[in-house]
Every structure is written in C-alpha cells, then in structure tokens.
Amino acid sequence: MDKNLIIPRQSRPSMAIPSHIGTQFELFPKSTKPIVSFTERNDSKLTDIRLNYICKNGPLSEAISVIDSIAHRGSKVRPSTYINLLESCIETGCVEVGRELHARIGLVKEVDCFVQTKVVSMYAKCGYLDDARKMFDEMRERNLFTWSAMIGACSRDKRWREVVDLFFNMMEAGVFPDDFLLPKILQACGNCGDFEAGKLIHSLLIRCGMNCSLRINNSILTMYAKGGKLDMAKRLFDNMDKRDRVTWNAIISGYCQKGEIELARKYFDTMHEEGIEARLRTWNILIASYSHLGHCDVAMDLMRKMESFGITPDVFTWTSIISGFAQNSRTIEALVLLGEMLLAGIEPTGITITSAASACASLKSLNTGVEIHSVAVKMGFVDHMPVGNSLIDMYCKCGELETAQSVFDMMLEKDIYTWNSMIGGYCQAGYCGKAHELFMKMQDSNVPPNIITWNAMISGYIKNGDEDQAMDLFQRIEKDSKIKRNTASWNSLISGYLQFGQTDKALGIFRQMQSFHVRPNSVTMLSLLPACANLVSGKKVREIHGCALRRNLLSERAVANSLIDTYAKTGNIMYPRAIFDGMSSKDIITWNSLIAGYVLHGCSESALSLFDQMRKFGPRPSRGTFASIIYAYSLVGMVDEGMHAFSSIVEHYQIRPGLEHYSAVTDLLGRSGRLVEAMEFIENMPVEPDSSIWAALLTACRIHKNYGLAIYAGERLLDLEPKNFLIHKLLLQMYALFGKSEDPLKLRKHEKENTMVKPLEECWMEFENMVYTFVVSDRSKPCSDKLLSWIQRIAIDVKRPDPESGIWIEEEDKEDVSGVHCEKWAFAFALIDSRSSPQSIRIVKNLRMCRDCHRTAKYISKAYGCEIYLSGSNCFHRGANYFHHFKHGHCSCQDYW
DNA sequence: GGAACTACGT
C-alpha cells in the first residue's frame with residue numbers, strides 16, 4: 001500500500017499537480033490508436049476496460065465522463081474501478097479528478113468503506129491533509145485501514161499530537177492497531193513528548209502478550225531512547241529475548257543523544273559479541289556524536305577505522321565530520337575535508353554545503369566561500385533554504401553585502417534565518433537604515449521577527465552610537481511583542497556601553513539583568529572582564545568572578561582564561577594561580593596568561609619556572625609565550641638567556657619573530673645598559689621598528705643617561721606618534737639635560753602644527769568600596785589642609801639621601817610651588833583620611849609617574865607597611881612593567897620605567 | 001528505527 005509515492009510534504013498547491021503531467025497524457029492517445037472504440041452499446045465490461053486504460057495512460061479527466069455515463073445508464077460503478085482511479089490520482093498527484101470522484105462516491109452507506117478510505121488516502125497523499133481529515137470525520141464506518149490511512153497521513157506530516165489523539169479515539173471505537181500501525185503511534189508518542197501515552201501502550205501490549213514482536217520492541221525502545229529515557233530503554237533492552245541491528249542502533253543513538261558517548265561506545269564495542277556487526281549506519285551514529293560533542297579527532301579516527309573494516313564512508317559520515325570541525329572552530333580542517341570528500345566522488349548534501357559555508361564565514365574566507373557557492377549552484381542547492389541562508393551569512397561576514405543581498409533577492413522562499421542573516425549583516429556593518437528597511441519588509445512578508453532579529457537591531461543601533469534607539473527597542477520588545485528578552489539582548493547593551501568606554505553603565509546593566517533574573521552567560525563575562533582590567537576594578541572583577549562561580553561559567557576555559565588575565569591586571573597574582581591550578585583543561589592562552597601575569601608583577605622566577613613546566617607538560621609555546629619570557633629574563637638581567645630564548649624562536653619553534661619580540665629584546669639589552677648593542681639590534685631588524693621599540697630604547701637611554709641616544713630614540717618616537725604629549729615632554733627634558741638649545745624650537749614648531757593639549761593629570765583609587773578621583777593640587781577633598789601638611793612632612797623624610805638612586809636627581813615633572821601630584825593626594829587620603837590603615841592602595845593614573853612620586857611611594861610602602869599598586873594608563877613604554885608594585889620600600893619595576 | 005546545517009551577543 002505504501003509505495004513511497006512522491007508526495008509533497010506540505011500542502012503546496014503549485015507542486016500538487018505537476019504541470020508536465022497534463023501534456024504528457026494528452027499527446028499519448030493521439031499517437032496511438034485506442035485499443036477499443038467506445039460506443040453506446042458497449043456493456044459494462046468494455047467500460048471497465050476503457051477505465052483501466054485511462055488509469056494506465058490517461059487522461060484521467062476523461063474518466064469522470066465515463067463514470068457519469070455509467071451512472072446515466074443506471075449501472076453501478078464497481079468499487080475496484082474507483083480504487084484504480086483513485087490510485088491513479090495519487091500517482092499523478094491529480095487532486096482535481098480525485099475531488100470529482102469523491103463527489104460521485106459520496107458518503108452513502110452502501111459504498112464500500114474501502115473506497116472511502118481510499119479517498120482519505122488520496123487527499124492525504126496529494127498533500128491535502130485537511131480534506132483527508134474532513135472526509136475521515138464524516139465517515140460513518142471506519143475499519144483498521146481507515147484509521148491507518150488517517151494516522152499514517154498525520155504521521156507523515158509530523159502531526160504527532162494528532163496521531164496520539166487519533167489512537168485514543170481508535171481504541172474507544174474498539175479498533176486495535178496492528179504491527180504496522182503501532183510503530184507509527186509509538187513514534188508519535190515519543191516525538192510529542194507524551195511518554196505517558198507511550199508507557200500506557202507499552203503496558204497494554206505486555207498485558208495482551210503482543211510484546212514479543214521484535215519490530216514493536218524496537219519501536220518502544222526507540223521511543224524511550226529518543227526521549228532521553230535511557231533507564232527505561234536500557235531495561236527494555238536487557239529484557240529483550242531477541243535483538244537485531246535496529247535494537248543496537250537505537251540504544252547506541254539514545255546514549256549518543258544524551259551525550260553519554262562513552263556508554264554508547266561500550267555498546268558499540270560489544271555488539272559484535274552478539275553476532276551483530278556494526279554497519280555503516282551504526283558507525284555514522286557514533287561518528288556524528290563524537291563530532292557533535294567536539295571530539296573531532298576521535299570522529300576522524302573512527303572514519304579511518306571503518307574504512308579499514310571495508311566500510312566506505314558515505315555522505316553522512318563526511319558531513320558529520322565536516323560540520324563537527326566547522327562548529328569547533330577548526331574551520332580549515334573542515335574545508336580540507338570537504339575537498340577530500342568531493343575528490344572521493346561523494347556528492348555533498350545541503351547540510352554539507354551549509355557547514356562549509358559557515359566555515360568560510362567564520363574564516364572570512366571569501367574566495368573559498370565563492371567556490372562553495374559555485375558548488376552549491378552546480379549541485380542544485382539554490383533552493384535549499386539553509387544553504388542560501390548560510391551563503392548570505394558568509395557574504396555578510398566577508399563584507400560582501402551586495403552579493404549577500406543578491407543571493408537574498410534570488411531566494412524564492414525566505415524564512416526567519418534568511419531575514420535575520422541579511423538584517424544582521426547590515427546591522428554589523430552599521431547600515432541601520434538598510435536593516436530597518438528590511439525589518440519592515442520582513443513583517444510585510446509575514447515572517448514575524450524573533451528575539452534574534454531584535455537583538456541584531458539593538459546591537460546595530462548601539463554600534464552606530466544610537467543609544468536611545470537601542471534602549472527604546474530594548475524596552476519595547478516585551479511590551480509590543482510576546483517575545484521575551486534573553487541574555488543576548490542584555491549582552492548587546494553591555495557591549496554597546498563598553499564600546500564607548502562606559503564601564504560603569506555596563507556594570508549597571510549587568511547588575512540589573514541579574515535582578516531581572518536573566519542569567520549572565522560566558523559572553524557577558526568575556527565582554528565585561530577586559531573592561532575591568534585595571535588596578536581600581538578589583539572589586540568589580542570579584543563580583544564577576546562570583547557570578548561566574550554561581551553560574552558554573554568558570555568551567556568554560558575562555559572565562560577562566562579571561563579571569564586569570566584580568567585579575568593579574570588588577571594587581572592580584574594569587575587568584576590567577578589558583579584559577580590556573582583548578583582548571584581541568586588548559587590551552588595555550590591559559591599558560592600564556594599566567595606567565596604574562598607573573599611578568600607583569602615582576603615575578604620573573606615564577607614566570608620562568610612556569611615556562612619550564614609548560615615545555616614539559618603543556619602546549620607548545622607560542623609567540624606570546626616568548627614575548628613574556630624575554631621580558632622575564634630582562635627583568636632579572638639574564639641577557640644571555642634572554643637572547644638564547646629569542647634565537648630559539650626561529651631555530652626551535654619555527655616562529656618568525658614579530659615586533660613584540662624585537663621590542664622585548666630591545667628592552668633586554670637596554671635595561672642592562674647595552675645601549676649600543678640595542679641600537680645595532682634595531683638597525684639590523686628585518687622589519688620597520690614601531691613606537692614600542694623606540695620607547696624601549698628611550699627608556700633605557702634615560703635610565704642609563706645616554707641623552708644623545710635618548711634624543712635620537714625620542715625623535716623617532718615623535719615621528720611615529722606626533723600627537724603624544726608624553727613623548728613631547730620627555731624629549732624636551734632630554735634636550736635640556738643634553739644642553740641643546742636649538743632643538744626645542746624645532747619641537748615647539750612641531751607642537752604648534754599638531755596643536756597638542758596637555759591632558760589634565762588625574763588618578764583614580766578604589767577605596768572602601770568607592771572609587772575616588774584626584775587631580776593635581778586637589779584641594780577639593782575634605783580636610784585637604786591636613787592632607788597637605790602630611791604630604792609636606794612626608795616630603796622632608798623622602799628627600800633624605802636615597803642610597804638607591806645615588807645623587808642623580810632628574811629634573812622631570814617638577815611639582816611647582818602650589819601643585820601637588822594627584823597620586824600624593826591619593827596616598828594622603830588613603831593613609832590619613834581613612835578610618836582604617838589600609839593593607840594596600842591601588843591607583844590608576846592617566847599619565848606617567850614622576851621620580852619624586854615614585855620615591856615617595858617607596859618610602860610610604862616601608863614606613864606604613866602598606867603595598868601600593870600604581871599604573872599609568874598612558875604608560876608609553878608597555879614593556880615588562882605595566883604597573884608599579886611598591887612593597888617594603890622597593891618597587892617591582894626596580895626603578896626602571 | 002532513520003541521522004545533521006544556517007541567524008543575535010566576545
């Protein structure tokens with residue numbers, strides 16, 4: 001009965017009657033002589049022959065007049081005639097004739113239930129399920145076949161609930177399903193999640209003794225397994241007296257879907273013991289699951305293994321692996337495999353193409369993307385919606401909005417993905433007007449927007465700097481539509497504020513979302529954390545850390561990595577180590593972050609010993625590792641070791657050194673006073689030095705008092721960054737110290753040309769849960785007279801001969817009579833004006849710290865037993881010491897900055 | 001018994 005007829009899945013009238021069929025059938029009778037000629041006198045037997053001929057050769061529409069003439073003669077049309085005609089209607093998708101036949105069959109009781117059932121199945125198989133149901137409901141008598149036709153039709157149309165409801169009606173009517181219908185009903189129970197109904201059927205079958213059939217047991221097992229009820233599935237599996245490949249596949253794929261890949265593997269490995277060999281399908285289940293869970297390499301090994309067992313991977317095998325690689329950011333491997341698959345002569349499916357296109361999208365690899373596009377066209381996937389959608393996305397991500405738009409325009413059918421991809425593309429590129437235009441069109445074409453659309457629009461507005469529109473949309477979503485805002489909606493706002501440096505507003509949104517019971521996710525963490533990577537944000541980081549712990553987000557490596565990095569930058573190196581030690585899986589970023597953290601804190605020994613461990617147990621060191629490691633050697637003056645590390649980059653690790661490495665080596669040589677070598681090193685670099693390199697040399701020359709070379713480095717630096725006020729100021733000092741009088745004039749001209757404005761010196765300090773701002777000569781703070789006198793008294797103590805710096809006092813940043821640098825106000829405030837004596841002080845400054853303040857900070861750290869962390873956010877030499885850590889009268893920078 | 005892919009937020 002079920003002959004796998006080609007039935008359109010949905011009721012699409014245009015597809016229901018293929019237009020070519022009519023012509024084909026019209027031409028035929030003209031070219032051949034009819035076998036019999038029809039005359040009025042022919043008896044019913046001849047009529048039947050005629051109708052049989054029409055059934056086979058058409059045109060079907062002629063059958064109606066034949067039937068009418070039979071009725072006109074007062075004879076009866078035999079049921080088998082109707083059956084044959086309806087069967088032909090199904091085969092040709094000719095619902096019009098079917099309808100005419102239906103009108104003639106009617107609902108008269110005398111007419112066979114068999115014929116009426118055929119009408120139901122005719123409608124259903126032509127794609128008119130509602131007509132089928134109408135006929136079914138009007139029927140006075142229904143047998144097992146009638147129920148089967150109706151239930152089968154609903155099942156094909158995935159109307160699972162309806163199938164289950166029909167089943168109960170059927171039972172009430174006293175009709176019991178057979179071996180063919182039961183699997184459909186059980187499948188429906190599973191797919192609509194009605195396990196109660198499923199269990200009921202199961203127990204019913206046990207009571208009736210029908211559960212002995214392997215086919216039905218497999219159906220029940222599948223129902224449980226697909227629904228994640230693996231305990232039930234396993235119990236049934238163990239109780240089954242006979243098992244076949246279907247049984248094993250069902251249990252294996254059940255465990256796979258649950259993510260219990262190891263258990264699935266166990267079954268896979270033992271099935272042959274029962275004499276059942278894994279075939280292609282079974283291998284594919286396992287491979288797909290490994291791929292899906294990100295174990296791409298295991299999946300790959302399995303594919304090779306199945307080949308060695310003589311089983312050729314099919315398009316499903318390849319596609320699983322390709323999309324597995326694509327989804328795990330191993331996009332290049334995915335594309336290579338696609339090539340291999342095409343070479344093996346396997347035709348891709350729409351899903352293969354979709355995965356490959358998305359790989360190109362994330363790689364922003366337009367050329368390959370275009371190739372994939374042409375493969376898609378060649379293979380005839382132009383009407384495959386996910387393929388079109390992924391191509392639109394690919395072109396958008398590659399910045400080819402026009403091509404994306406043309407793919408979009410050519411798509412006959414558009415779904416929510418199509419619209420969202422195109423709208424998202426315009427939003428990302430900042431074309432909010434275009435996005436909005438499409439947004440309107442989308443609603444006109446009856447595709448209602450979803451949360452993805454809204455979120456894309458919100459982030460589009462924010463990227464455009466249109467905070468009001470974004471906020472307005474954010475507020476309107478839940479009011480105007482029934483769509484609920486999700487974490488991504490909040491994340492869009494957060495990243496929008498962060499983009500414009502409004503960290504506090506972003507944090508406000510972060511707190512608000514939690515009070516709205518919206519769960520922050522790893523994206524929230526990963527956007528907020530970098531914004532808190534400064535010395536005054538320690539408390540914020542702990543807040544985010546706490547949230548990550550509560551939400552179990554620390555298990556995500558990226559979050560843990562970011563926390564390591566951020567904590568280190570807030571002046572805390574204990575937490576990063578603890579997080580590092582607690583991580584079950586570490587990647588290169590994990591190792592590099594902690595190593596860089598140690599270097600940042602001046603802990604060269606820890607950095608180097610971690611590097612040692614990394615080489616033994618960790619991932620292969622990368623460029624970033626070496627940039628930190630050379631600084632670690634630099635800090636402790638191990639020049640030879642540092643140079644050796646540098647040369648090993650090329651020799652051992654085949655990494656081409658980058659500017660970061662050259663800069664580190666300049667620092668290494670310069671710090672130890674090997675200024676000429678440093679200069680030679682710069683001159684012999686195969687790449688053009690950037691400002692970080694000249695800055696490293698300038699710093700070294702200042703410390704080692706080679707003012708001639710300092711001026712040279714400073715001038716190169718100024719060439720590269722003509723608007724940098726700090727460089728300008730340092731250079732002026734160098735000229736003064738070197739005794740040059742003409743050059744400053746040249747510099748002043750430079751100054752005029754670039755209209756440099758000296759930034760207002762200010763600093764921030766987190767203290768007793770507040771962030772305070774201080775500016776030069778800050779008299780606005782309470783009790784400032786008290787603070788000033790403290791500062792003056794401290795100054796006397798500090799001015800005592802400093803054995804470390806010797807007699808050299810640099811004439812830089814001299815505080816004038818009335819001016820007091822902002823960090824001194826901060827020290828005073830923290831130590832005098834606070835109720836408790838602080839253990840540590842954390843300050844972020846917008847400019848560089850001067851020598852006098854540095855000396856003061858060292859003194860305070862000793863005299864008050866208080867650690868001070870200070871960073872100049874405008875620090876122009878970002879080498880090893882990103883910040884100063886004062887402790888026991890010493891600074892982590894070893895007076896080198 | 002019958003697989004999987006695409007869109008927002010870093």
Side-chain angles (χ1 to χ4, degrees), chain A residues 183-184 186-187 190 214-223 225-226 244-254 256-257 280-289 291-292 314-324 326-327 348-359 361 381 384-394 396-397 415-425 427-428 435 449-460 462-463 485-496 498-499 520-531 556 558-559 562:
Chain A
K184 288 198 178 79
L186 288 162
Q187 184 193 25
L214 178 59
R215 178 207 286 264
I216 289 179
N217 271 339
N218 281 343
S219 295
I220 300 169
L221 179 65
T222 304
M223 175 190 69
K226 273 183 90 171
D244 65 357
R245 237 182 40 250
V246 175
T247 323
W248 285 92
N249 285 352
I251 196 90
I252 289 172
S253 99
C256 282
Q257 275 177 38
L280 179 65
R281 167 78 185 152
T282 326
W283 285 90
N284 281 352
I285 292 170
L286 211 61
I287 288 174
S289 185
S291 284
H292 187 74
D314 68 350
V315 67
F316 286 117
T317 328
W318 284 96
T319 304
S320 300
I321 292 184
I322 290 170
S323 61
Q327 270 162 30
T349 66
I351 293 160
T352 328
I353 301 285
T354 308
S355 305
S358 86
F381 288 111
H384 188 287
M385 236 192 296
V387 167
N389 296 345
S390 64
L391 286 172
I392 291 174
D393 180 54
M394 182 273 294
C396 285
K397 296 251 164 78
D415 68 355
I416 185 79
Y417 283 86
T418 325
W419 289 97
N420 283 350
S421 301
M422 202 60 235
I423 289 175
C427 285
Q428 289 276 315
N450 63 7
I451 190 62
I452 311 265
T453 328
W454 295 95
N455 287 346
M457 295 290 291
I458 290 175
S459 75
I462 286 210
K463 279 209 173 76
R485 287 187 304 229
N486 62 10
T487 303
S489 322
W490 294 82
N491 286 349
S492 302
L493 287 184
I494 289 174
S495 65
L498 291 173
Q499 190 186 302
N521 60 15
S522 60
V523 175
T524 325
M525 309 283 119
L526 293 172
S527 8
L528 280 169
L529 283 171
E556 282 188 46
V559 175
S562 183

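The chains referred to below are lettered A, B, ... by the order of the sequence lines, with proteins before strands, and numbering in each begins at 1.
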Nearest to the A:Asn249 side chain among B:dC8, B:dT6, B:dG1, which nucleotide is it? B:dG1
If you look at every strand shown and take non-hydrogen atoms under 4.0 Å, does A:Ser495 touch a base, only sugar-phosphate, or nothing? sugar-phosphate
Partner residues of A:Trp283 under the ring-ring contact (aromatic ring centres under 6.0 Å, His included) criterion, sequence neighbours left out: A:Phe268, A:Phe309
What's the CD1-P distance between A:Ile494 and B:dC8, to the nearest Å? 19 Å
Mind calculating the distance between CZ (A:Arg281) and C1' (B:dA4) to the nearest angstrom? 11 Å
Check this one for me: any side-chain N or O of A:Ser219 less than 4.0 Å away from OP1 or OP2 of B:dG1? yes
With a 3.5 Å distance limit and no angle check, can you tell me whether A:Ser390 reaches the backbone of A:Pro386 through a side-chain donor-acceptor pair? yes
Counting any heavy atom closer than 4.0 Å, what does A:Pro530 reach on the DNA or RNA strands: base, sugar-phosphate only, or nothing? nothing
Residue list, side-chain hydrogen bond (donor to acceptor under 3.5 Å, both in side chains) with A:Ser495, at least two apart or on another chain: none
Expressed as a whole number of angstroms, how long is the span from A:Met394:CE to B:dC5:C1'? 15 Å
Roughly, in whole Å, what's the span from CD1 in A:Ile251 to C1' in B:dG2? 16 Å
Taking the minimum atom-to-atom distance to the side chain of A:Ser527, which one of B:dG1, B:dT10, B:dA7 wins? B:dT10
B:dG1, B:dA7, B:dC5: which one has an atom nearest the side-chain heavy atoms of A:Val246? B:dG1
Rounded to whole Å, please give me the gap between CG in A:Asn486 and C1' in B:dC8. 8 Å
What is the nucleic acid contact for A:Asp393, judged by heavy atoms within less than 4.0 Å: base, sugar-phosphate only, or nothing? sugar-phosphate
Mind checking A:Ser253 for me? I need base, sugar-phosphate or nothing, with any heavy atom below 4.0 Å counting as a touch. nothing
Whether over 12 other heavy atoms sit under 6.0 Å from A:His292 NE2: no
Nearest to the side chain of A:Ile452, heavy atoms from C-beta on, is which of B:dT6, B:dC8, B:dG1? B:dC8
Are A:Lys397 and B:dT6 close enough that a side-chain N or O sits under 4.0 Å from OP1 or OP2? no
What nucleotide among B:dA7, B:dT6, B:dC8 has an atom nearest to a side-chain atom of A:Ser421? B:dA7
For A:Trp490, all residues meeting ring-ring contact (aromatic ring centres under 6.0 Å, His included), sequence neighbours excluded: A:Phe474, A:Phe516
Would you indicate, yes or no, if B:dG1 has its OP1 or OP2 atom less than 4.0 angstrom from a side-chain nitrogen or oxygen of A:Gln187? no
Separation between CG of A:Asp244 and CG of A:Asn249, rounded to the nearest 0.5 Å: 8.5 Å
Separation of B:dC8 atom P from A:Leu493 atom CG, nearest Å, is 17 Å
Looking at residues 384-391 of chain A, who's got a heavy atom less than 4.0 Å off DNA chain B? A:Pro386, A:Asn389
Please state how far atom CE in A:Met422 lies from atom P in B:dT6, giving the value in whole angstrom units. 19 Å
A:Thr317 meets the side-chain hydrogen bond (donor to acceptor under 3.5 Å, both in side chains) criterion, sequence neighbours left out, with A:Asn284, A:Asp314
On the nucleotide B:dT10, are OP1 or OP2 found under 4.0 Å from the side-chain N or O atoms that A:Gln499 carries? no
Just to verify, what does A:Arg485 make a salt bridge (charged side-chain N to carboxylate O under 4.0 Å, His left out) with, not counting sequence neighbours? A:Glu478
In whole angstroms, how far is the P atom of B:dG2 from the CD atom of A:Gln257? 11 Å
Give one of base, sugar-phosphate or nothing for A:Asn521, where a contact means two heavy atoms less than 4.0 Å apart. base
From B:dG1, B:dC8, B:dA3, nucleotide with atom closest to A:Phe316 side chain: B:dA3
